[in-house]
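Along the sequence shown, residues are numbered consecutively beginning with 1.
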Amino acid sequence: MRRKMSRWYAVMAVPLTIGLLSACTQSEMAQDKTSGQTQQAQQNDPQKPAVGTGDGKAAGQAQTPEPKTPAAEPKTTGHEMNQKGTTVKSLPKNKTIEVTLEGMKEKKKGTLFKSEQKYYLYTLPGFTATGEEPGKDMILVDRDDRHFMRIERFPSDVNIADAINNAKEELKLTGEVNEHKGDLADPFFNQAKAYLFASDGKVTHAIIIQEIKGQKFRFTLNIAGTESSEGMIPSFWAMIKTIGILK
């Protein structure tokens, strides 16, 4: 009986083993077929990404990063000068100023002054610029503060005719009002809207209303009748001509 059972198991084991081997062989053939189809598709369409890469490049191929274009930097100039204004950083601390004294031109070192009225100028040696009050600055003579110049920047909507009339009324307190009209030695000031002056013998007051770089200013000069007054007006003129507008 035991021999019959052994024979039966042996007979049944053969077809079972053959079936298992056949199944494994078919699975391997199916995998080979799928892999072959994938490789053939990639050869026919090289743009198609390989399985598992996700970036259109075959697995194992080195990826070179694309260069990035740097953002363009804003261009600046060394001295951004126009009617809209100049940047403070573009201004030198010192500048050579040409002054005409007794018919002779002299060059002197000027020092930068920045006003809260959004303008700048360069002061000559022996002069000091300072803020007097809101909307007004003063340039004083170091050796004699009886000589000075007051600077006021007008608002953009100023009425020039009214400003001139106010200046005349103010000068009447000193004496008879006179006006320069194209007779000054410096052509720059012959272009002024008004150049008025009056004197009482002890002091001379002058009021200049002038447009500089698109902005209107009033300059009030106070010159005492002393020996130290020599060269005061040409010096104030030279500093006025250095005025620029700040942003």
Nonpolar side-chain network containing V203, other nodes, edges under 4.5 Å: none
Side chain to side chain, F219 and I212, heavy atoms closer than 4.5 Å: yes
By salt bridge (charged side-chain N to carboxylate O under 4.0 Å, His left out) - contacts of E133 (at least two apart): none
Side-chain ion pair, D200 and K202, N-O less than 4.0 Å: no
Side chain to side chain donor-acceptor pair (under 3.5 Å) against T130, all qualifying residues, sequence neighbours excluded: none
Flag for N222-H147: side-chain donor and acceptor within less than 3.5 Å: no
same_hphob_cluster(I223, V141) at 4.5 Å side-chain heavy-atom cutoff: yes
Any H205 side-chain heavy atom under 4.5 Å of T220 side chain: no
Atom CD of E230 with >12 non-hydrogen neighbours under 6.0 angstrom: no
Connected hydrophobic set around L196, excluding itself, where side chains approach under 4.5 Å: F154, V158, I160, I164, L171, V177, I207, I209
For T242, all residues meeting side chain to side chain donor-acceptor pair (under 3.5 Å), sequence neighbours excluded: none
All N/O donor-acceptor pairs, side-chain side in residues 96-112, below 3.5 Å, sequence neighbours left out:
none

Any F236 side-chain heavy atom under 4.5 Å of I151 side chain: no
Non-neighbouring partners of N165 that pass side chain to side chain donor-acceptor pair (under 3.5 Å), sequence neighbours left out: none
Side chain to side chain contact (heavy atoms under 4.5 Å, CB included) partners of D162, counting only residues at least two apart: N159
Test item: W237 and F188 side chains (from C-beta on) under 4.5 Å apart, heavy atoms: no
Salt bridge (charged side-chain N to carboxylate O under 4.0 Å, His left out) pairs, two or more places apart, involving residues 164-179: E169-K172, E170-R218
Side chains of H180 and F189 in contact at under 4.5 Å (non-hydrogen atoms): no
Non-neighbouring partners of Y122 that pass ring-ring contact (aromatic ring centres under 6.0 Å, His included), sequence neighbours left out: none
Heavy-atom donor-acceptor pair, R153 side chain to K118 backbone, under 3.5 Å: yes
Shared-cluster residues of F148, by chain and number - hydrophobic side chains joined below 4.5 Å: M138, L140
Side-chain donor-acceptor contact under 3.5 Å, D142 with T128: yes
Heavy-atom side-chain contact between F113 and I139 under 4.5 Å: no
Side chains of Q210 and Y195 in contact at under 4.5 Å (non-hydrogen atoms): no
Any residue meeting side chain to side chain donor-acceptor pair (under 3.5 Å) with D137, in chain and number order, not counting sequence neighbours: S115, Q117, Y119
Any side-chain heavy-atom pair of I240 and M149 under 4.5 Å: yes
